[in-house]
Student: 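Next up is a structure, given as structure tokens.
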Amino acid sequence: MLAEFLQYLFTGITIGATYALIALGFTLIYNASHVINFAQGEFLMIGGMATVSLTAMGVPMVIAVVLAVILAGVLGIALQRFAIAPAKQADVVTLIIITIGASIFIRGIAQVVWGKEYHVMQNFSTDQPIQVFGAVLNSQSLWVLGIGAVMVVALVLFFTKTLIGKAILATSMNKEAARLVGIRTQMVLMLAFMVSALLGSVAGIVVAPITFTSYDIGIILGLKGFVAAAIGGLGSGVGAVVGGLALGIVEAMAAGYISSDYKDAVAFSMILLVLFFMPRGLFGAKVVERV
Amino acid sequence: MSEQHTEMAPAQPSSEQASQEMLSIRGLVTSYGQIEVLHDVDIHINSGEIVSLVGANGAGKSTLLMTISGLQPTDRGAVSFEGKDLAKIAADQRVADGIVQVPEGRQVFKDLSVHDNLLLGAYTRGKTPEIMDDLERMYTKFPILRQKRHNLAGELSGGQQQMLAMGRALMAKPRLLLLDEPSMGLAPLIIEEIFNIVKELKEEGITIFLVEQNASQALALADRGYVLETGKVVIEGTGQELLSNEKVREAYLGM
Ligand SMILES: Nc1ncnc2c1ncn2[C@@H]1O[C@H](COP(=O)(O)OP(=O)(O)OP(=O)(O)O)[C@@H](O)[C@H]1O
Ligand SMILES: [Mg+2]
């Protein structure tokens with residue numbers, strides 16, 4: 001009874017932590033530009049797939065991870081530089097559609113490079129599961145949670161302690177005033193895409209041993225991350241984390257106690273329910289006037 | 001009627017310095033899409049002066065300041081700063097060069113602390129130890145900001161936000177300060193305080209371009225002034241000349 005519950009809870013928190021990282025990526029770009037980056041999931045895919053194929057080529061795991069994260073970061077910068085920046089005058093909806101186009105493009109290339117099959121990534125440490133009160137905990141879950149926590153702390157420090165972090169926040173609050181203090185807002189946007197890509201790829205790498213990875217894993221993970229961000233309240237960092245964890249746990253409970261067929265339906269029912277009662281999400285900003 | 005601008009500082013800019021042209025705007029035309037807003041504007045500002053620009057709602061005053069700051073593109077004409085054409089100079093570089101604006105409606109970063117707002121003012125200066133000294137100086141100039149330094153900027157009153165916006169701009173070490181309607185929506189006592197600060201800034205050697213609807217006070221303070229009407233400069237002269245100008249008195253001073 002307890003074992004069963006704990007089992008679902010572990011599963012939920014693990015996948016929820018992944019959703020939280022994806023949601024944070026959405027939040028970052030949304031705050032910097034009001035764009036919802038539907039290519040966010042592709043950063044996860046790139047992280048996971050590049051790590052798998054580099055290790056298969058004999059590159060040591062640690063180096064493979066670093067290279068994969070760098071690759072995703074470069075991809076994030078390229079996305080902003082070559083897809084978003086040239087459409088400077090376009091409205092937000094157009095930019096969102098551009099990100100959808102970019103995600104299809106990236107997925108297409110991934111399919112050509114890596115094929116359509118699923119790839120398996122080794123656990124970072126032991127394959128031996130850990131027993132807790134009768135529930136079985138995959139050691140990789142601890143990696144997901146640990147690295148997720150480190151990323152969140154790093155983000156908080158970045159935004160509260162560094163001038164460039166504050167400049168990103170300032171730009172999201174008032175772009176014109178940001179330009180008037182000499183912040184290059186295009187550069188800020190590029191940085192937001194890069195940090196988002198780094199977050200996404202790290203999430204994609206740590207979760208890959210649990211979910212497997214393939215060229216199209218970004219679609220569903222990206223959507224779930226978006227749902228998590230919307231539940232938490234688009235634009236809120238705390239909301240992204242809470243939304244991610246809540247979504248992961250509810251999904252795992254539904255899959256365990258009802259049927260795993262309903263797992264995805266749960267996510268989308270949850271977003272409808274939350275947004276119906278709280279249109280701005282759990283932690284959405286009060287209406288702020290923007291000039 | 002309006003109080004005479006008495007100069008109190010012993011250290012006046014030398015007459016040679018004062019006559020040096022700092023900002024020069026010639027034949028400036030700008031538009032939003034198809035709609036031309038500024039038509040052939042000529043304005044110059046000498047180093048050490050306070051120059052006031054008055055004009056009704058929608059005359060194009062803010063547009064002019066945004067053009068000087070580099071946020072609004074120019075269609076024709078030229079803006080130059082200390083002899084250097086600004087056409088190819090990006091907004092952030094203009095701030096670094098000393099052209100700094102306090103925008104209309106304060107535009108503080110509402111969800112950041114007062115302290116962070118001030119720090120961001122020094123964004124273009126990089127990391128230098130002097131920034132902390134300047135921060136201290138701001139807190140001395142605006143004691144209320146020291147008191148509220150951990151508050152979010154959005155929690156401040158209008159007058160306090162105006163001081164924060166001015167402090168933020170001063171953190172950039174401006175040589176030319178563009179002030180867009182600093183008295184807007186404030187109580188008379190606070191306005192008095194703001195104008196006193198503007199006078200102080202001039203004494204510290206900062207050149208000031210003051211945009212105001214509050215024409216009598218702005219002109220009383222000014223060395224020279226311009227009247228902008230639907231995107232054209234229609235009158236210019238010394239502050240005193242404008243204050244006694246028949247048309248100005250009628251249209252902007254309500255006399
Ligand atoms: N972003 C914009 N897009 C289109 N038109 C604009 C924009 N901003 C201002 N305008 C128009 O340009 C004209 C000049 O506006 P501007 O804000 O420069 O006037 P102003 O003199 O500063 O007025 P106020 O005293 O009300 O601040 C107005 O007719 C205004 O409607
Ligand atoms: Mg204006």
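In what follows, chains are A, B, ... by sequence order, proteins preceding strands, each numbered from 1.
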Student: Against chain A, label Met66(B) side chain, backbone, both or neither, depending on which of its atoms sit under 4.5 Å from a heavy atom there.
Tutor: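 The answer is the side chain of Met66(B).
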Student: Compare every heavy atom of Leu112(B) with every heavy atom of Leu169(A), then report the nearest pair and how far apart it is.
Tutor: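 Leu169(A) and Leu112(B) have their closest heavy atoms at CD1-CD2, 4.0 Å.
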Student: Would you say Asp92(B) and Ile183(A) make side-chain contact, with heavy atoms under 4.5 Å?
Tutor: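 No, every pair of side-chain atoms sits at 4.5 Å or beyond.
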Student: Using every non-hydrogen atom in the two residues, find where Lys166(A) and Leu119(B) come nearest and quote the distance to one decimal.
Tutor: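 Result for this residue pair: NZ-CD1, 4.2 Å.
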Student: Got a sec: does the CZ of Phe276(A) have more than 12 other heavy atoms crowding it under 6.0 Å?
Tutor: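 No - once you tally the heavy atoms of other residues, nucleotides and ligands closer than 6.0 Å, there are 12 at most.
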Student: List the atom of Tyr123(B), the atom of Ala167(A), and the distance in Å for their closest heavy-atom pair.
Tutor: CE1-CB, 3.5 Å
Student: Got a sec: does the CZ of Phe105(A) have more than 12 other heavy atoms crowding it under 6.0 Å?
Tutor: no
Student: I need the Arg125(B) CZ to Leu163(A) CG distance, nearest 0.5 Å.
Tutor: 11.5 Å
Student: So Asn117(B) and Val181(A), side chain to side chain contact (heavy atoms under 4.5 Å, CB included) or not? Walk me through it.
Tutor: CA-CA 10 Å; Asn117(B) 269 269; Val181(A) 297; over 6 Å; no
Student: Which value, rounded to the nearest 0.5 Å, describes the distance between Gln101(B) atom CD and Arg179(A) atom CZ?
Tutor: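 Between atom CD of Gln101(B) and atom CZ of Arg179(A) there are 11.5 Å.
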Student: Provide the closest heavy-atom pair for Gln107(B) versus Asn174(A) in the form atom of the first, atom of the second, distance.
Tutor: OE1-ND2, 2.7 Å
